[in-house]
Amino acid sequence: MNFKLNYKQYSDFINVTNGVFNPLKNFVNKKQFNSILKNQVLNKSFFPYPIFFGLNIKQFKEIKNKKILILEYRSKVVARVNKLNFFEIDKNLFGIKIFGRNFKKHPYFKIFYNENYKFLSFNIYKKFNSKDLPKNFVSPVFFKKQIKKVKFLSSFHTRNVPHSAHQWIHNYLFKNYGSLLIQPLIGQYKRGEYKNQYIMRSNLKAARILQSKNVFCIPFFSYPRYGGPLEACLHAIVRKNYGCTHFWVGRDHAGYKNFFSKYQSQKYCKSKQNKIGITIV
């Protein structure tokens, strides 16, 4: 049976199967899901945020008796999967561990609760053709080949067009560490926000202003989870996987309005930098 992936499922699939979310190699199963929520551990390694494959009630009913699925995105076959395992988790546990005591007031928790009737883990026995990856996708393996001679690589995460404060950060990181990866998050576009093409074009322009072969700008195909400190740690892991040695964490990195306390993401990431294996700036 063909299963149509939404953008969240598709981008997560690309990232887990191309080393972006290492050490995670596939969507979490129930045991891994609970281990990450309760202990922030995946196979003995620090991992702060579960990357899950969720199903709404309609999707679940359509595939609950299937043994094999053909995953597709926008009419292109992405993969064939088998050994389907449907499971449930305590959604309130997810809420309190990711968002804290006031989790029921967090808008993403409401989305998470409504979108995910069941969860699915599976075995990937045939993956897509690499030619069918999104335009401009750069894998960690490919990118690290380009930076072999770079001793230190700082990194900056953004999901917006650059402004003067961003440029100050670019200059600071480049001046202090000699190289910089600007990696905008692509795929979160919604009404009232900048489109992906303008986010990328403007950040590429900002990178060129520094006039150095050691300044790079590539996209991060994902979406905002508004998970505050734990998502900020996930972003740090992503940059470690891309070969970065330093990662800039913003004042309210991956936050939502004033839901998390001021500097909470910075302080938390700093406390976990040894476990992540990257220096937090």
Side-chain angles (χ1 to χ4, degrees), residues 3-28 47 49-53 70-81 122 124-148 150 153-162 170 179-190 193-208 213-225 231-232 234-244 247-248 254 278:
F3 182 92
K4 294 182 180 180
L5 300 172
N6 59 38
Y7 177 77
K8 290 180 180 179
Q9 294 163 335
Y10 175 62
S11 62
D12 281 343
F13 183 90
I14 288 169
N15 289 328
V16 298
T17 57
N18 283 278
V20 177
F21 288 146
N22 273 346
L24 191 65
K25 305 291 186 183
N26 200 341
F27 291 94
V28 294
F47 203 82
Y49 204 108
I51 307 299
F52 54 83
F53 194 98
I70 300 171
L71 306 182
E72 63 175 50
Y73 182 69
R74 293 184 176 178
S75 301
K76 285 188 177 182
V77 173
V78 173
R80 289 174 171 82
V81 301
F122 46 69
I124 304 165
Y125 72 89
K126 189 172 182 180
K127 205 173 76 165
F128 55 81
N129 190 321
S130 60
K131 293 180 181 179
D132 292 330
L133 284 167
K135 184 181 178 181
N136 301 324
F137 175 80
V138 179
S139 72
V141 170
F142 181 85
F143 182 72
K144 284 190 279 191
K145 289 179 181 177
Q146 316 304 308
I147 59 167
K148 283 184 177 179
V150 175
L153 179 60
S154 61
S155 48
F156 179 66
H157 171 99
T158 182
R159 62 182 189 93
N160 215 330
V161 298
H170 298 165
S179 57
L180 170 65
L181 170 61
I182 301 169
Q183 195 173 21
L185 186 153
I186 295 301
Q188 83 281 7
Y189 174 74
K190 58 186 178 182
E193 293 186 344
Y194 289 103
K195 292 183 178 180
N196 293 334
Q197 59 182 316
Y198 302 117
I199 293 172
M200 279 308 303
R201 282 168 60 184
S202 55
N203 275 284
L204 282 164
K205 179 72 173 178
R208 287 195 291 269
K213 64 179 181 179
N214 287 336
V215 177
F216 311 91
C217 183
I218 60 174
F220 171 33
F221 287 88
S222 191
Y223 55 93
R225 303 162 208 263
E231 187 182 359
L234 177 66
H235 292 164
I237 287 174
V238 168
R239 275 51 188 218
K240 178 197 171 185
N241 290 331
Y242 273 95
C244 299
F247 180 58
W248 177 279
I278 194 169

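Just so it is clear, the model here is predicted, and its values are computed rather than measured.
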Please tabulate, for side-chain N and O atoms in residues 198-206, each donor-acceptor pair with protein atoms closer than 3.5 Å (sequence neighbours left out).
| unit_1 | atom_1 | unit_2 | atom_2 | d |
| --- | --- | --- | --- | --- |
| Ser202 | OG | Tyr198 | O | 2.6 |
| Ser202 | OG | Ile199 | O | 3.2 |
| Asn203 | ND2 | Asn160 | O | 3.1 |
| Asn203 | ND2 | Ile199 | O | 2.8 |

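Side-chain contact between Phe137 and Val20 is present, with at least one heavy-atom pair separated by less than 4.5 Å. Taking 4.5 Å as the limit, every side-chain heavy atom of Pro162 sits out of range of all side-chain heavy atoms of Pro184.
Taking the six-membered ring wherever Trp is involved, the centroid distance between the rings of Tyr73 and Phe13 does not fall below 6.0 Å. When ring centroids are compared, Tyr242 and Phe220 stay outside the 6.0 Å threshold. Ring centroids of Phe247 and His235 are separated by 6.0 Å or more, keeping the two rings apart.
Put simply, CZ on Arg225 and CG on Leu185 are 8.5 Å apart, with the number rounded to the nearest 0.5 Å. Between Ile147 atom CD1 and Leu181 atom CG the span is 8.0 Å, to the nearest 0.5 Å. A distance of 11.0 Å separates OG of Ser139 from CG of Asn15, quoted to the nearest 0.5 Å. Expressed to the nearest 0.5 Å, how far OH of Tyr223 lies from CD of Gln9 amounts to 8.5 Å. Atom CD of residue Gln197 and atom CD1 of residue Ile186 lie 10.0 Å apart, to the nearest 0.5 angstrom. Note: Ile14 CD1 to Asp12 CG = 9.5 Å, rounded to the nearest 0.5 Å.
In this structure, Tyr125 places its OH atom where more than 12 heavy-atom neighbours from other residues, nucleotides or ligands lie under 6.0 Å away. Around atom NZ of Lys127, more than 12 heavy atoms belonging to other residues, nucleotides or ligands sit under 6.0 Å away.
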_Run the side-chain contact (heavy atoms from CB on, under 4.5 Å) test on Phe21 and Leu234 for me, step by step, so that the C-alpha distance in whole Å, both residues' side-chain angles and the decisive distance to 0.1 Å come before the verdict._
CA-CA 8 Å; Phe21 288 146; Leu234 177 66; 4.0 Å; yes
*Would Phe27 and Ile51 satisfy side-chain contact (heavy atoms from CB on, under 4.5 Å), going step by step from the backbone distance to the final call?*
CA-CA 6 Å; Phe27 291 94; Ile51 307 299; 4.3 Å; yes
Next on the checklist: Applying ring-ring contact (aromatic ring centres under 6.0 Å, His included) to Phe122 and Phe3, what does each step give before you reach the verdict?
Outcome noted: CA-CA 13 Å; Phe122 46 69; Phe3 182 92; 9.0 Å; no
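Side-chain N or O atoms of Asn6 include one that pairs as donor or acceptor with a backbone N or O of Lys8 at under 3.5 Å. Of the possible polar contacts, one joining the Ser154 side chain to the Ser179 backbone as a donor-acceptor pair under 3.5 Å is found. Panel note: side chain Arg239, backbone Gln183; a donor-acceptor pair is recorded below 3.5 Å. At least one donor-acceptor pair under 3.5 Å links the side chain of Asn241 to the backbone N or O of Asn22. Judged by distance alone, with hydrogens and angles left aside, the side-chain atoms of Gln146 form no donor-acceptor pair with the main-chain N or O of Phe143 at under 3.5 Å.
Residues Glu231 and Ala254 approach most closely at OE1-CB, 3.4 Å, considering heavy atoms. Listed here is the closest heavy atom pair of Ile124 and Ala79: CG2-CB, 4.3 Å.
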